[in-house]
Amino acid sequence: MSIPQKPKSSHWADVTAFRIIKEKGDKPRYVCASGITPSGTVHIGNFREIISVELVVRALRDLGKDVRFIYSWDEYDVFRKVPKNMPNREDLETYLRMPITMVPDPWGKEESYARANEKEVEAILPEVGIFPEYIYQAKEYTSCRYAEGIRRALERRDVIRRILDKYRAEPLPDSWWPVVIFCASCHKDTTTVEHWDGAYGLSYTCSSCGFKEALDFRRQGNVKLRWRVDWPMRWREEQVDFEPAGKEHHSDGGSFDTAKQIVREVYDHEPPVTFKYDFIGIKGQGGKISSSTGNVISLKDVLEVYQPEVVRYLFAGTRPDTEFAISFDLDVIKIYEDYDKCERIYFGKEQVDPKKLERERRTYEFSQVERAPASMPLQVPFRHMTTLVQIYEGDLDALMAQEFPSVSGEEARRLRRRAQCAWNWVTTYAPEEFRFSLRVDEETLEPLEDSHRKVIQRLYHLLETEWDSLDEARLGEAVYAFCEEEGLTAKDFFPSLYRVLLGKDRGPRAASFILTVGKEKILTILGRYL
RNA sequence: GGGCCGUUAGCUCAGCUGGUAGAGCAGCAGACUCUUAAUCUGCGGGUCGAAGGUUCGAUCCCUUCACGGCUCACCA
């Protein structure tokens, strides 16, 4: 197609896309890769890798480029230890040293431990609009796809050793090989290479079961390259143009660094364009995650509180090399406000200086699961949503039907999702002051002094007769007037009102709250005090 | 020891194709005879870690230094 003169915007994903085209040249197709080892629950930190790639993929596609987006499950890897958050830990221990694809699923649903971890991710990525092509490395290895790559590594093992030794405290021993062999009999990696025939033949012995054999790795797939060699080999195999990596891989002597050297000196190929991404912290979560995932925060957990667009916004709006924390505390409200503001800017409802405009618009586009809506969706602030959702006691169907009867389609889906998140947040993470439940079905009466009861009664009559003409200000004034006439101050009275409505001394701003709750429910409750 | 990243208003941070700094919260003042991160309006001016350099001009580029943090030196 063509090589653009400058990035589409100053957004980091556009800048990276521009770099890829500039460094790799004008290609009919670009390969962007991501990958992790499913050796445990895939957490939100791992998610940063895949969404970072996805954003760059989008940026390239927005430039009219054809992109292959691959996600490698590096699952032909040894089961080293049993993670703390797994069930049936003792059973799992039997499988230590085997590839994680041969360890059973501790939940007993999937074909393997690796697959169970993979499935969880694959099932949820579509929710945030991410659709990579998955590559299962155990399948690739066991089908002997990488035989040539393995042979090359064996041939140049001295080169590899020299590269790795530059950074090691202890040089690799003479007996070191760039491969790991899983015993064909007991499946463990406790094997020692005895001999390499200079081509495709390897012989080994297993210290666990005593098994020994000579194999041809063009026909037998239990030989794999060690991580630091495997990565560069696959760069060439898939012709990868772009792949980011965590900061731990990016320092000198880190695996990305050595892979860069190995791909050049062993595989005669250029490394992909890259950047490093920082870790993700968690804030205000306080160990409230369900026991099924232990203390590991996964994308699923984040989606309980943040609607998909906002999750994307979090990552799209932060430079990858910056560490940030995902909050589960009061900051959630602020994050939603920021997203809504970005949305308003995108739709021209809020003015911002031209420099920021371009970036904000792009961030909004990148935040969308599919594409940006044609017109601005109805915005219901998260804070307000927490009130609504509690009035309806989590009944989202009723909430949607009664509060937003005219909203439909995608707009309704987003709103409903936000309502669900608000409910989850209120019930799980919000501070106690945020929670309430209307005493619609609670028949027990609060003991009230006469003057307080009188104000309640007068309020009842006012609401009954003039509901349709009341607004927040008028209602507020009226309540105050009633108090004064009964010789009460607002400060004295309001706790009673809240006890009557919610069974506690405090609650959301009274006037707007009453109007939001609705005539029927309010009169039901207040009517008990007539 | 190597590498990387920070150091900007009280706090949390934006600002990164160089043109003498912004936002939120806090704070202060006023409005509202209501209350949860509760409403409205106005205000506040920080040697942009330090010292050099490049430039007509640097928070933004280069060098050095000081703090703080992360990471590799085992595996993946």
Side-chain angles (χ1 to χ4, degrees), chain A residues 5-7 9-12 14-15 18 35-40 74-81 100 164-172 180 189 224-231 245-259 275-279 281 283 317-325 327 329-338 341 352-353 355-356 358-360 381-384 386-387 430-436 472-473 475-481 483-484 488-495 497-498 502 504-514:
Chain A
Q5 293 303 300
K6 62 182 175 74
S9 81
S10 59
H11 189 280
W12 60 265
D14 284 325
V15 173
F18 178 71
I36 69 143
T37 303
S39 57
D74 301 333
E75 55 183 12
Y76 207 34
D77 184 34
V78 192
F79 190 45
R80 287 183 184 74
K81 60 178 180 190
I100 53 177
L164 297 183
D165 277 348
K166 279 194 286 188
Y167 308 98
R168 295 177 60 92
E170 295 288 323
L172 293 162
V180 171
D189 73 336
K224 65 157 288 187
L225 289 170
R226 287 177 186 279
W227 161 249
R228 289 176 100 108
V229 186
D230 169 72
W231 202 5
K247 58 153 110 186
E248 73 276 24
H249 299 304
H250 262 287
S251 44
D252 261 27
S255 56
F256 195 96
D257 184 46
T258 56
F275 61 63
K276 72 160 180 297
Y277 56 87
D278 210 314
F279 300 138
K283 183 168 168 277
T318 312
R319 300 168 53 115
D321 61 356
T322 305
E323 181 173 353
F324 74 99
S327 297
D329 56 17
L330 263 8
D331 284 352
V332 173
I333 295 169
K334 175 70 163 49
I335 303 293
Y336 271 93
E337 274 174 13
D338 289 347
K341 182 176 185 182
V352 68
D353 73 278
K355 275 175 129 177
K356 275 188 176 171
E358 178 196 65
R359 180 84 66 91
E360 292 286 319
F382 192 79
R383 178 69 188 80
H384 182 58
T386 61
T387 301
E432 173 56 31
E433 313 91 78
F434 268 81
R435 288 181 222 157
F436 65 80
E472 201 175 319
L475 178 57
E477 284 167 22
V479 172
Y480 195 82
C483 290
E484 199 171 22
L488 290 170
T489 65
K491 214 168 185 176
D492 290 330
F493 173 69
F494 275 94
L497 177 60
Y498 286 117
L502 310 172
K504 53 190 266 190
D505 289 342
R506 320 184 79 186
R509 292 190 144 244
S512 69
F513 180 66
I514 287 170

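By convention in this document, chain letters (A, B, ...) are assigned in the order of the sequence lines, proteins followed by strands, and residues within each chain are numbered from 1. Just so you know, these numbers come straight off a predicted model, no measurement behind them.
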Base-pairing mate for [N] - Watson-Crick or G-U, with both contacts under 3.5 Å:
{"N": "B:rG44", "answer": "none"}
{"N": "B:rG68", "answer": "B:rC5"}
{"N": "B:rC32", "answer": "none"}
{"N": "B:rC61", "answer": "B:rG53"}
{"N": "B:rA37", "answer": "none"}
{"N": "B:rA23", "answer": "B:rU12"}

What is the distance, to the nearest angstrom, from the [atom1] atom on [X] to the [atom2] atom on [N]?
{"X": "A:Glu323", "N": "B:rC70", "atom1": "CD", "atom2": "P", "value": "9 Å"}
{"X": "A:Tyr277", "N": "B:rC70", "atom1": "OH", "atom2": "C1'", "value": "15 Å"}
{"X": "A:Asp321", "N": "B:rG15", "atom1": "CG", "atom2": "P", "value": "10 Å"}
{"X": "A:Glu337", "N": "B:rA23", "atom1": "CD", "atom2": "P", "value": "17 Å"}
{"X": "A:His249", "N": "B:rC70", "atom1": "NE2", "atom2": "C1'", "value": "14 Å"}
{"X": "A:Lys276", "N": "B:rC5", "atom1": "NZ", "atom2": "C1'", "value": "6 Å"}
{"X": "A:His250", "N": "B:rA76", "atom1": "NE2", "atom2": "P", "value": "19 Å"}
{"X": "A:Ile335", "N": "B:rA23", "atom1": "CD1", "atom2": "C1'", "value": "14 Å"}

Using atom names, set out every protein N or O paired with an N or O of nucleotides 16-19 of chain B below 3.5 Å, distance rounded to 0.1 Å.
| unit_1 | atom_1 | unit_2 | atom_2 | d |
| --- | --- | --- | --- | --- |
| B:rC16 | O2 | A:Arg319 | NH1 | 3.2 |
| B:rC16 | O2 | A:Arg319 | NH2 | 3.4 |
| B:rC16 | N3 | A:Arg319 | NH1 | 2.7 |

_Between A:Arg168 and B:rC75, is there a contact of a side-chain N or O with OP1 or OP2 at under 4.0 Å?_
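Answer is yes, contact under 4.0 Å.
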Touch class at under 4.0 angstrom, heavy-atom based, for [X] against every strand present:
{"X": "A:Arg228", "value": "base"}
{"X": "A:Asp331", "value": "base"}
{"X": "A:Ala169", "value": "sugar-phosphate"}

Are the side chains of [Y] and [X] in contact, using a 4.5 Å heavy-atom criterion?
{"X": "A:Thr386", "Y": "A:Ile333", "value": "no"}
{"X": "A:Glu337", "Y": "A:Phe382", "value": "no"}
{"X": "A:Thr322", "Y": "A:Trp12", "value": "no"}
{"X": "A:Arg383", "Y": "A:Phe434", "value": "yes"}
{"X": "A:Phe275", "Y": "A:Val15", "value": "no"}

_Are more than 12 heavy atoms, taken from residues, nucleotides or ligands other than A:Glu432, located less than 6.0 Å from that residue's CD atom?_
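Atom CD in A:Glu432 is crowded, with more than 12 foreign heavy atoms closer than 6.0 Å.
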*A:Lys166, NZ atom: more than 12 neighbouring heavy atoms under 6.0 Å*: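 Correct, the count exceeds 12.
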*B:rC48 and B:rU20, which share atom name C1', separated by this distance in whole Å*: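 B:rU20 and B:rC48 have their C1' atoms separated by 11 Å.
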*Sticking with atom P, work out how far B:rG18 lies from B:rU59, rounded to a whole angstrom.*
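Per the computed distance, 13 Å lies between those P atoms.
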_Run the side chain to side chain donor-acceptor pair (under 3.5 Å) test against A:Lys276 and tell me which residues pass, sequence neighbours left out._
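A:Lys276: no side chain to side chain donor-acceptor pair (under 3.5 Å) contacts found.
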